[in-house]
Every structure is written in C-alpha cells, then in structure tokens.
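Owing to the predicted nature of the structure, the values given are computational and were not obtained by experimental measurement. Chain identifiers are assigned alphabetically (A, B, ...) following the order of the sequence lines, protein sequences preceding nucleic acid strands; residue numbering begins at 1 within each chain.
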Amino acid sequence: MQKGNCLGRTIFCLKIGAPKELRKKNLIMEFNFTEIEKKWLANWEKNGTYQVSNDSDRPKYYVLDMFPYPSGSGLHVGHPLGYIASDIFARYKRLKGYNVLHPMGYDAFGLPAEEYAISRGIHPADSTQENIERYRQQLESIGLSFDWSREVRTSDPKYYKWTQWIFTLLFNHYYDKDAETARPIFDLITRFEQNGNLLVQASTTYEGEFTATDWARFSRKEKDDILMQYRLAFRSVGYVNWCEALGTVLANDQVKNGLSERGQHPVELRPMTQWFLRTTAYADRLLSGLDTIDWSESLKAIQRNWIGRSEGALVRFELKGLEESLPIYTTRPDTIFGVTFMVLAPEHELVEVLTTAEQQEEVAAYVKYVAGRSERERQAEVKEVTGAFTGAYAIHPFTGAEIPIYISEYVLKDYGTGAIMAVPSDDERDQAFAKAFDIPIIDVIDKSDYPDAGLHDKVGRVINSDFITGMEVPEAIAEIINRIEEKGIGKRGVNYKMRDAGFSRQRYWGEPIPIVYDEDGLASSLPLDELPLELPEVSEFRPTADGRSPLSRAEDWVHLPDGRVRETDTMPGTAGSAWYFMRYTDPHNEEAFAGKKAIDYWQNVDLYVGGSEHAVAHLMYSRFWTKFLFDLGYINFEEPFKKLINQGMIQGVIEIAYLKQKDGQNYFISADLVGDDVRGYSEFFVPIEFVTDYGKEHSYLSEEGLRKYVEWKPEFANAIFEMPGGVFQKGVFTPKDGGECRFVTHSETGKMSKSRYNTINPDDIIAEYGADCFRMYEMFLGPIEQSKPWNTNGIDGISKFLRRFWALFYDADGRWLVTDEKPSAEALKVLHQTIKKALYDIERFSFNTCVSGFMVAVNDLRKMKCHSQSILEPLVRLMAPFAPFITEELWGKLGNEGSVHQSTYPDFDEKYLVESTVDYPISINGKKRAVVAFPADASKEDIEKAVLDLEIVQKWVDGKPIKRLIVVPGRMVNVVV
RNA sequence: GCCCGGAUGGUGGAAUUGGUAGACACGCAGGACUUAAAAUCCUGUGACUUCACGGUCGUGCGGGUUCAAGUCCCGCUCCGGGCACCA
C-alpha cells in the first residue's frame with residue numbers, strides 16, 4: 001500500500017470516533033493486516049498474479065466495472081461496492097477454471113474533469129493524471145484483482161485515435177433499412193448515380209425524391225448536402241439544449257427539468273449547427289435487442305421508454321385552398337371521424353404559409369410568446385391551455401368536412417410530424433383545448449362495455465364513424481389504415497420518442513472531431529493515417545463568449561496550410577465510453593481498435609457492474625456503437641453487455657445545523673429547540689467528522705466540535721449557538737443552570753457527496769479494519785442492488801468474524817494450531833454445506849448471504865475446536881474471493897506453493913451432507929405443533945403411521961376424525977382434522 | 001398520470017421459490033474475566049399472555065385460492081426509481 005499522500009488519514013480518529021482507537025491496538029496484536037496487505041500487494045504485482053493472456057485453452061469470462069471519472073475528490077465508500085462485487089465474481093470465476101478478463105481504466109474526458117481543472121486553474125491533462133494516480137492507489141488498496149497492464153484512458157491519444165476512427169466510420173456510412181445494416185456512403189453514391197434515391201430505403205432526414213439524371217445535375221454542394229442527410233454521423237441545424245452558464249450544448253439526457261444535470265443551470269433550446277449521431281436508425285434494433293440480454297426489468301423499462309416506440313398511421317390532410325398538404329401522425333386512426341380540429345406546433349414550417357391575413361397578428365403574437373418561454377416554464381405549466389387559430393382549414397379525407405387549424409405549444413415540433421389531428425372525445429389534451437376554444441366534440445368510441453378502461457385504452461366499439469361504425473377498436477384501426485392506404489393519403493407508421501443524439505460539445509477536454517472543411521464548407525473526415533487528431537494547446541479552456549469551442553482559439557491548428565479549416569467542436573463524454581470495453585481486449589494495439597483475434601476471443605462483456613445513473617446515456621450509446629461495428633463486420637456480437645447488475649447507492653449521513661438571522665446577527669439553534677417546523681431557518685451541512693455520534697438521533701456538536709466548525713467557517717466566527725444547556729459564542733460556552741454544551745444537529749440519510757461534507761474515505765476504513773474487512777462488510781450490508789446507508793456499527797461484526805477465522809489457525813499467543821488430524825464427520829458436513837451455499841449464493845450474486853454462510857461455518861468450527869488442515873485449507877480457498885489478503889497469507893502458512901488466487905475453487909460432495917435423520921415439523925391444521933426427527937430413509941407410510949401415534953398429535957386430534965394426512969418426504973407433515 | 005421496483009423484529013437483512021418466518025449481524029439486557037474500562041467469552045432478545053408447561057397473535061392494509069401463503073390471485077395504502085403535453 002502506497003499511501004504517502006493520503007490526506008484523509010490525519011483526521012481519521014475524528015471520523016471513526018475516538019473510543020475505537022483502543023480496539024485498533026488490540027487488532028494489530030492479533031494479526032497485522034496492514035503488514036499482510038502490503039506484503040501481498042507487492043507480491044501480486046511482482047508475479048503478475050492478475051495478468052491475463054489472450055491465449056488460453058480455458059473458457060473466457062469477461063467481468064467489467066463501469067470505469068470511473070477520475071474526479072478530484074477520490075473514492076468514497078460508496079464507489080467500491082460494485083468493484084468489490086465484480087472482483088469477487090472475477091476471482092471466483094478464475095478459481096473455477098475460467099480465463100477471466102477483469103480490467104480497469106478511466107473515463108478521463110468530459111465535463112466533470114474539465115470543470116475540476118478550470119476551478120483549480122490547471123491543465124485538465126495534469127489534474128486528470130493526478131486524480132488517476134490517486135484512484136489507482138485507492139483501488140489497489142482494496143485488493144481488486146485488475147489486470148493493470150490493460151488499463152485504458154479515454155483521454156490518451158493512443159486511445160482516442162480509435163474513438164475518432166469509429167466516428168469517421170459513422171460519418172462514412174448510412175443505414176440501409178432494407179438490408180437492416182449500415183453500408184458505406186460510397187455504395188449510396190453509386191446507387192444515386194444509377195437510380196437516384198427512388199429505390200433507396202434508408203434512415204434519413206431527406207424528404208425529396210430525385211432520379212439519376214437529377215443527381216448528375218446537382219452541384220457538388222447540393223450532393224454533399226443530400227449525403228449529409230444520410231450519414232450516420234451528420235451535421236445539421238437542430239434545436240439543441242444550450243446552457244449559457246456552462247457555455248455548451250448538452251445532450252437530452254444531460255438535461256433534467258429544464259436544468260443542466262451538472263450544476264443545475266437553466267437550459268434553453270437554440271438552433272445551432274451541430275454534429276449528430278443517427279441513433280434513430282437503430283431504434284428498432286436497440287429495442288428488440290433488449291429481449292436478448294440479462295438486465296433488470298427496470299433498466300430495460302427505462303430504455304424502452306426512452307426509445308418510445310409507438311405504432312399508428314401517417315395521414316396527409318388536404319388544405320383548403322392550398323397546394324400543400326398537412327401530414328400528421330396518430331396512434332388512433334380509428335378515431336378519425338371524431339376529428340374536429342388540427343393543431344400544429346408553433347414552430348411548424350407550414351404555420352407561415354397557412355396563416356390567413358386576419359389571423360396574422362394573433363398567430364405572430366402567439367409564436368413570439370412561445371419562443372420566449374423557457375423549457376422550464378413550459379414544463380411547469382403543462383396543464384395550461386394556450387393556442388391560436390391560423391384561419392386555415394384542412395379537409396377531412398373521408399367526410400370532406402372543413403376542419404379549423406390551430407397552433408399550440410402542447411404539440412411538439414420534434415415528435416411525429418409536429419402536427420396532430422385532434423380528437424377531443426378521446427384525448428384529454430384535445431378535449432381541454434376544444435373546451436377552451438369552444439370547438440365541437442364528436443363521440444366516436446363507445447366504451448360502455450369496458451367500465452374500467454381509461455380514455456387512452458385502445459378498446460371499445462366505434463360509433464358515428466361511417467364504414468367503421470360498429471367495429472371493435474383493434475379491427476377498426478386495421479380497417480381504417482387499409483382505407484387510408486387505398487386512398488393513397490397515408491400509410492401505417494412507426495414512431496419513436498428517441499431523437500438523434502447531439503454529438504457536438506463546445507468544450508476543450510474531449511476528443512476533437514476529426515473533420516475538416518474545404519473552402520466551400522464541405523466536410524470530409526480525416527483518414528486513419530492522420531489520426532489521432534490531437535488536442536491543440538490553447539490559452540484558455542473556457543468556451544468563447546459567442547458559444548464557439550475553445551479549440552477555435554488555436555488558430556494555427558484550425559487553419560490548415562491548404563486553406564481548409566478544422567472542426568472545433570469536441571465529442572461528448574459518451575464517445576470514449578461507448579466502446580472502451582473492446583479496447584481492453586487488446587489495449588496496446590496500434591494497428592486497430594482491437595485485433596480481430598483478441599476481440600473474437602473475448603467478445604462481449606459477460607458481467608457488467610455499475611450504477612443505474614448510466615441507464616440511458618452510456619448504455620444506449622454503447623449498444624448503438626456495438627451494433628454499428630457489428631454491421632461493419634469488425635465484431636461478431638451485437639450487444640456489448642450480456643448481464644448487467646446495478647449496484648445500489650451507499651448513502652451517507654447528512655448532519656444539518658439550523659440558522660436564524662436577526663438584526664444582522666447569526667443565531668444557530670440546536671435542533672432539539674427547533675422542533676419539526678423548520679420554516680424560517682436556513683440549513684447548513686456540518687462536516688460529519690465534527691459531529692459526536694453522527695447519524696444517531698441525538699447527534700451533536702460538543703464544545704470542541706463547535707470550535708472546529710467555527711474555525712472551518714470563519715464567517716460564523718461571531719455566531720451565537722443556542723442550546724438547552726447554554727450558549728456558545730466566540731469559542732466560549734456559557735452554561736445555563738449547569739447545563740452541558742450539546743448543540744444538537746439534525747441527521748438525515750442521503751447521498752454521499754463532497755458538498756454535503758459526509759463522505760467516508762475507504763482509506764480510513766482500510767487503515768483501521770483492513771481491506772478484507774472493508775470488502776466483506778460492504779458485501780454484508782445487504783443485497784448488491786439495493787441502496788443502503790453506510791454506518792460503521794456493523795463493521796465490528798465482520799472484524800470479529802475475521803479474527804475468529806484467524807483464531808482457527810493461530811492461538812492468542814501466535815502459535816500455529818493447524819494439525820493434519822482426520823476431520824470429524826460434523827466438521828466435514830459444515831465444510832461441505834458451506835461450499836454448497838457459497839456456490840449457490842455467488843452464482844446468484846447474493847454476496848451478503850454468502851458472507852453469513854462463512855460466519856456460520858467459522859462459528860461452528862470454532863465450537864468444535866476444529867483445526868484440521870483438510871477442513872481449513874478448502875475453507876481458505878472458499879473465502880479467497882472475499883478476503884484475498886488474509887486467505888493468501890494463510891494459504892502460504894498452510895504450506896502451499898503459489899497463490900491461493902491461482903488455485904481451484906472447492907466443490908462439495910453430497911455424501912458428507914446426508915443426514916441420518918430429518919427433523920419434520922408436524923403441523924395440525926397448518927399450525928406447527930412439534931418437530932420430530934425421523935430416519936432420512938423413512939417411507940411416507942412409516943412416517944404417516946408414526947405421526948398418528950405421537951402424543952402431541954393425539955392431544956390435538958382429540959378423538960376427532962382425521963380428514964387428511966399430508967407427508968412431504970424430507971420436508972414436513974400436516975394433519976388435517 | 002403512465003412504467004418499473006419495494007414494504008418482514010429496535011436496526012441492516014435471511015427464508016433452498018408454496019412447506020419450521022426472523023438465518024447472519026448490529027443494537028439492547030444479563031452474566032463471566034478485570035481494581036476499572038476496553039477487548040474477549042457465555043446467555044437471552046418478534047409481540048402479548050402464563051409461576052411454569054404452554055397458548056394466542058404476527059411478514060404494509062382488506063379479501064381470496066390451498067392441507068399449507070412473506071411467497072400465488074384480486075382490490076387498496078405508502079415508499080423508492082424512471083418517464084411525462086409523445087398525439
């Protein structure tokens with residue numbers, strides 16, 4: 001353990017609480033985990049114990065953690081939860097005979113790293129390097145069995161060369177919907193040259209049609225514009241989430257409730273020319289792929305929701321007196337006879353064309369009103385009905401009726417066609433709008449047969465609807481779409497909520513987009529031999545005031561000698577993390593993103609562990625990039641992560657002090673004086689290391705704690721702290737009626753974070769209890785997927801357990817106890833039961849119950865005073881994945897060569913588990929009344945007979961006739977009277 | 001509003017998938033050792049009731065299926081997470 005610069009340690013006594021200092025001494029006397037850890041870390045590194053080869057006869061298994069952002073705060077105890085779980089599994093699989101790839105790296109690009117660097121006024125590369133070193137130290141001290149020779153960093157040019165390369169592939173491919181695969185853009189050009197775009201079924205935003213002759217006549221610029229609309233990485237003017245405070249564009253998933261996820265700054269929609277990835281091309285495959293992978297239902301639900309597939313129809317409505325027609329998308333074409341008005345998004349391109357002279361003013365005013373509203377305002381006032389009449393009318397395709405056209409912000413420009421046919425009888429929002437604007441309502445669905453159905457359920461009988469009247473809804477939908485298609489006014493259609501992903505960031509610390517523009521502004525990608533395109537040095541990392549990327553400051557870099565200019569936007573953080581798992585298979589390859597042989601051997605990740613906060617962004621992009629590379633034949637799998645586990649969050653204790661200001665004086669009021677009504681108080685987070693008994697109901701700041709708090713927050717040097725026992729000010733406590741200085745703080749459970757001053761550093765826990773204890777305690781806390789609060793109370797239980805385990809090998813004076821005596825049948829039974837349970841529990845990732853199984857075993861063996869080598873040696877191997885240090889030490893002491901982590905996992909033998917008797921619970925009328933032992937081989941009949949003779953049964957039966965006698969062999973007996 | 005989870009002692013949690021509810025651990029209480037404390041060890045610990053043997057109740061609430069329900073079904077309540085004017 002190299003902990004030279006570990007800042008957290010000096011205050012560790014405060015954090016853990018002083019009384020435990022004494023325990024620490026006692027611990028070290030029994031076994032010196034610090035020494036043991038140091039010794040084996042060095043040994044493992046020297047011997048390359050955890051290095052893995054791409055050449056092996058053994059079956060492969062790939063265990064991966066979501067790699068961290070190396071933030072400046074280092075790890076807190078919440079971070080390693082997933083790492084420990086995956087490490088246990090990786091170690092287990094290795095012992096089970098698999099060739100296990102278990103690497104680690106750093107997601108070093110992106111906003112957090114850059115913000116941190118800017119705040120410290122240093123180069124992001126330097127701060128990143130610094131942070132990585134700290135992370136590495138912390139990760140190693142936990143005893144995680146990573147193959148560090150495979151470490152990757154997304155900010156390393158050797159790595160991002162290939163991120164850029166994949167981007168150029170995306171740029172040079174389009175999505176062929178017929179073949180359901182990505183194809184080279186050159187093929188598309190050939191097809192255009194032969195037939196125009198008439199036969200091309202592709203994912204595109206291009207709506208026009210052209211022939212081969214047209215194509216030949218198009219200018220270079222026109223051709224380029226069209227091709228751009230087919231590329232999988234493309235440049236387009238789009239409404240983007242612009243965040244003024246961060247000075248950058250954000251992806252949809254980085255915006256929550258109109259605020260930036262990072263920093264909570266307001267975000268507005270702005271039209272800008274940006275790079276996008278055509279993720280929508282893969283929408284269907286991203287959706288159907290979910291059925292092939294082992295992820296939690298909730299995670300799949302989030303992704304399905306994000307993709308948001310719906311089926312319906314696209315219908316064109318003729319416009320009265322105009323050439324143009326109005327396309328709409330609906331999931332309820334069966335309600336078309338109930339249409340009484342149409343609504344367009346205010347930004348819809350037809351608004352200007354449609355609006356009549358008389359309505360010009362009103363419409364313009366409304367459009368202006370909407371444009372001036374922030375996303376936040378729109379979302380906050382969802383129920384408010386606003387809109388304007390355009391003066392124009394559409395023609396109903398079946399009745400010929402004239403339908404008024406309105407604009408309203410409840411119709412979104414980006415979803416469907418940005419226009420709807422409004423059916424007020426069967427849609428709440430349409431209904432609200434119709435009522436507000438006094439538009440008639442026609443009932444078209446009779447739901448009287450479905451009393452429980454909601455407005456949106458696709459059930460009922462169609463009424464008032466000409467040729468579909470009388471049909472049930474599903475039948476009516478099919479029929480009306482047929483008619484629409486026959487009439488040539490529309491077609492069956494599928495729609496997605498998912499949008500193409502914005503891929504431009506006006507940020508310094510990211511991969512430069514490897515694109516150059518010629519004098520006509522036409523984009524071309526850099527060839528592989530010009531990659532990596534390295535980040536230039538710039539004078540200032542912040543974005544420019546007009547929203548251009550900081551890279552634009554590097555004039556020499558931007559302007560090429562031949563007059564071309566470089567793209568100055570950088571890629572988002574999700575770029576490097578979209579494919580990093582592939583790089584680990586062949587991390588030093590300079591000729592390819594990963595060698596064919598390596599990636600074909602390791603393939604996709606068998607077990608992926610990480611936080612659910614990446615449910616959408618990272619996991620969606622990763623799946624998209626994987627499918628794309630699969631289409632191009634670079635890899636032979638279509639999903640990146642076969643099984644995924646989201647570890648829960650470890651929550652911390654939040655300590656709060658209440659402040660009231662009066663006449664410019666700060667009064668802190670002890671929580672027991674504040675009561676439940678905290679209105680009128682400001683809340684301040686108190687660093688938990690100042691608080692006595694933090695996390696407990698009565699947690700308080702002692703006189704010493706108050707002094708520390710004031711010293712830490714000098715602006716409160718003169719503040720008055722009021723508590724029941726007296727008053728504290730300027731370092732002096734004035735008691736009242738002989739009271740004590742106890743300033744009570746309010747405790748809550750919540751996220752652990754630097755800003756709440758409640759992080760617990762694993763270094764401190766490891767220093768006091770050892771890495772093995774830390775690992776096992778995190779596992780013992782509860783099911784891996786559950787969130788749970790951290791408290792150090794329970795850690796003593798694990799610490800005791802490890803010392804008892806050690807005590808099976810050594811007595812209190814350090815004498816070796818292990819003998820080669822023949823083990824007793826009971827001891828063998830304990831061992832084999834434990835092995836059986838461990839196998840069962842590890843396979844289902846139930847690590848908490850597995851630890852409890854070890855506890856039971858150690859308790860039992862201790863009672864038996866079992867020191868038999870043939871019991872303890874397998875037990876050491878069994879526990880090795882959980883407690884790698886102590887088991888490695890004991891493995892050597894048991895006289896074994898090599899590492900326990902390269903041995904084999906024990907297996908159990910049923911023969912030791914056979915019981916001669918089985919305890920049967922005897923129930924009478926379903927209530928347990930007794931437990932009786934019967935021979936294990938007793939037949940059903942024997943048991944039946946014996947049960948009836950039992951005194952207890954006689955007593956309960958009490959002469960009444962026995963209706964039924966149920967005997968489940970090996971389980972239980974139930975007598976029904 | 002919609003979707004996905006969840007609710008078990010004072011606490012974290014367990015229950016072989018319909019078969020002894022509360023494993024394991026924390027906490028608490030009592031005891032041993034100690035001048036004392038810490039550490040360690042032992043005993044007890046769901047609630048109610050009984051001198052005791054024992055009995056009654058008990059897995060968020062209300063019903064149901066079953067010889068048997070924490071587990072399955074129906075209807076709710078509350079908590080956590082996600083989405084949200086998505087036509």
Out of [options], which has the shortest distance to the side chain of [X]?
{"X": "A:R804", "options": "B:C67, B:C41, B:U17", "value": "B:C41"}
{"X": "A:N305", "options": "B:C4, B:G13, B:G82", "value": "B:G82"}
{"X": "A:Y840", "options": "B:U16, B:C41, B:A15", "value": "B:U16"}
{"X": "A:K928", "options": "B:U20, B:A87, B:C83", "value": "B:U20"}
{"X": "A:S298", "options": "B:C4, B:C24, B:U20", "value": "B:C4"}
{"X": "A:S852", "options": "B:A23, B:C85, B:G19", "value": "B:A23"}
{"X": "A:A301", "options": "B:C4, B:G13, B:C42", "value": "B:C4"}
{"X": "A:R964", "options": "B:C67, B:G13, B:U20", "value": "B:C67"}

Check every strand shown and say whether [X] touches a base, only sugar-phosphate, or nothing at a heavy-atom separation below 4.0 Å.
{"X": "A:M972", "answer": "base"}
{"X": "A:S296", "answer": "nothing"}
{"X": "A:V976", "answer": "sugar-phosphate"}
{"X": "A:D414", "answer": "nothing"}
{"X": "A:R844", "answer": "sugar-phosphate"}
{"X": "A:K963", "answer": "nothing"}
{"X": "A:I966", "answer": "base"}
{"X": "A:P783", "answer": "sugar-phosphate"}
{"X": "A:I302", "answer": "sugar-phosphate"}

Please report the C-alpha distance between A:W295 and A:L619 in whole Å, then the side-chain angles of each, then the deciding distance to 0.1 Å, and finally whether the side-chain contact (heavy atoms from CB on, under 4.5 Å) criterion is met.
CA-CA 11 Å; A:W295 293 11; A:L619 291 175; 4.0 Å; yes
According to side chain to side chain donor-acceptor pair (under 3.5 Å), who are the partners of A:H614, at least two apart in sequence or on a separate chain?
none
side-chain N/O [X] vs [N] OP1/OP2, d < 4.0 Å:
{"X": "A:N848", "N": "B:A14", "value": "yes"}
{"X": "A:Q786", "N": "B:G13", "value": "yes"}
{"X": "A:R862", "N": "B:C42", "value": "yes"}
{"X": "A:T849", "N": "B:A23", "value": "no"}
{"X": "A:R803", "N": "B:U40", "value": "yes"}
{"X": "A:K927", "N": "B:C57", "value": "yes"}
{"X": "A:N859", "N": "B:A25", "value": "yes"}

Enumerate the residues from residues 421-428 of chain A whose closest heavy atom to RNA chain B is under 4.0 Å, giving them by residue number; use none for an empty result.
none
Check RNA chain B against residues 328-338 of chain A and give the residues with a non-hydrogen atom under 4.0 Å, in numerical order.
A:Y329, A:T330, A:T331, A:R332
Centre-to-centre under 6.0 Å for [X] and [Y], is that the case here?
{"X": "A:F341", "Y": "A:F433", "result": "yes"}
{"X": "A:Y369", "Y": "A:Y366", "result": "yes"}
{"X": "A:Y912", "Y": "A:F908", "result": "no"}

side-chain contact (heavy atoms from CB on, under 4.5 Å) between A:Y410 and A:D430, intermediate numbers included:
CA-CA 9 Å; A:Y410 85 85; A:D430 295 348; 2.7 Å; yes
The residue, A:K863 or A:K837, whose nearest nucleotide of RNA chain B is more 5′ is A:K837
When you match A:R929 and A:Y415 each to their closest nucleotide on RNA chain B, which lands nearer the 5' end?
A:R929
Answer syn or anti for B:U49, where the cut-off is 90° from 0 on the glycosidic torsion.
anti
Per the O4'-C1'-N9-C4 / O4'-C1'-N1-C2 angle with a 90° window around 0, B:G44 comes out anti
Heavy-atom pair with the smallest gap, counting every atom of A:I650 and A:G78
CB-CA, 3.7 Å
I need the full list of salt bridge (charged side-chain N to carboxylate O under 4.0 Å, His left out) pairs touching residues 326-337 of chain A, with sequence neighbours left out, sorted by first then second residue.
A:R332-A:D334
Verify the distance criterion only: is there a donor paired with an acceptor across the side chains of A:Y329 and A:S310 at less than 3.5 Å?
yes
Polar contact flag, side-chain donor to acceptor under 3.5 angstrom, A:D443-A:S425
no
Applying a 3.5 angstrom cut-off to the pairing atoms, does RNA chain B sit in any stems of at least three consecutive Watson-Crick or G-U pairs? List them by first number.
B:1-7 with B:77-83, B:10-12 with B:24-26, B:27-32 with B:40-45, B:46-49 with B:54-57, B:60-64 with B:72-76
Determine yes or no for a side-chain-to-main-chain donor-acceptor pair under 3.5 angstrom, with [X] supplying the side chain and [Y] the backbone.
{"X": "A:S852", "Y": "A:T849", "value": "yes"}
{"X": "A:S612", "Y": "A:A615", "value": "no"}
{"X": "A:K458", "Y": "A:I477", "value": "no"}
{"X": "A:K788", "Y": "A:Q786", "value": "yes"}

A:R623 NZ/CZ over A:W306 ring centroid, <6.0 Å and within 45° of normal:
no
No-H, no-angle donor-acceptor pair, A:N974 side chain to B:C67 base, under 3.5 Å:
yes
Tell me, for nucleotides 26-32 of chain B in 5' to 3' order, what letter each nucleotide earns: B for a base near a protein heavy atom under 4.0 Å, S for only sugar-phosphate near one, - for neither?
S------
Check A:T834, A:V856, A:L875 against A:L861 for a side chain to side chain contact (heavy atoms under 4.5 Å, CB included) and give me the one that passes.
A:L875
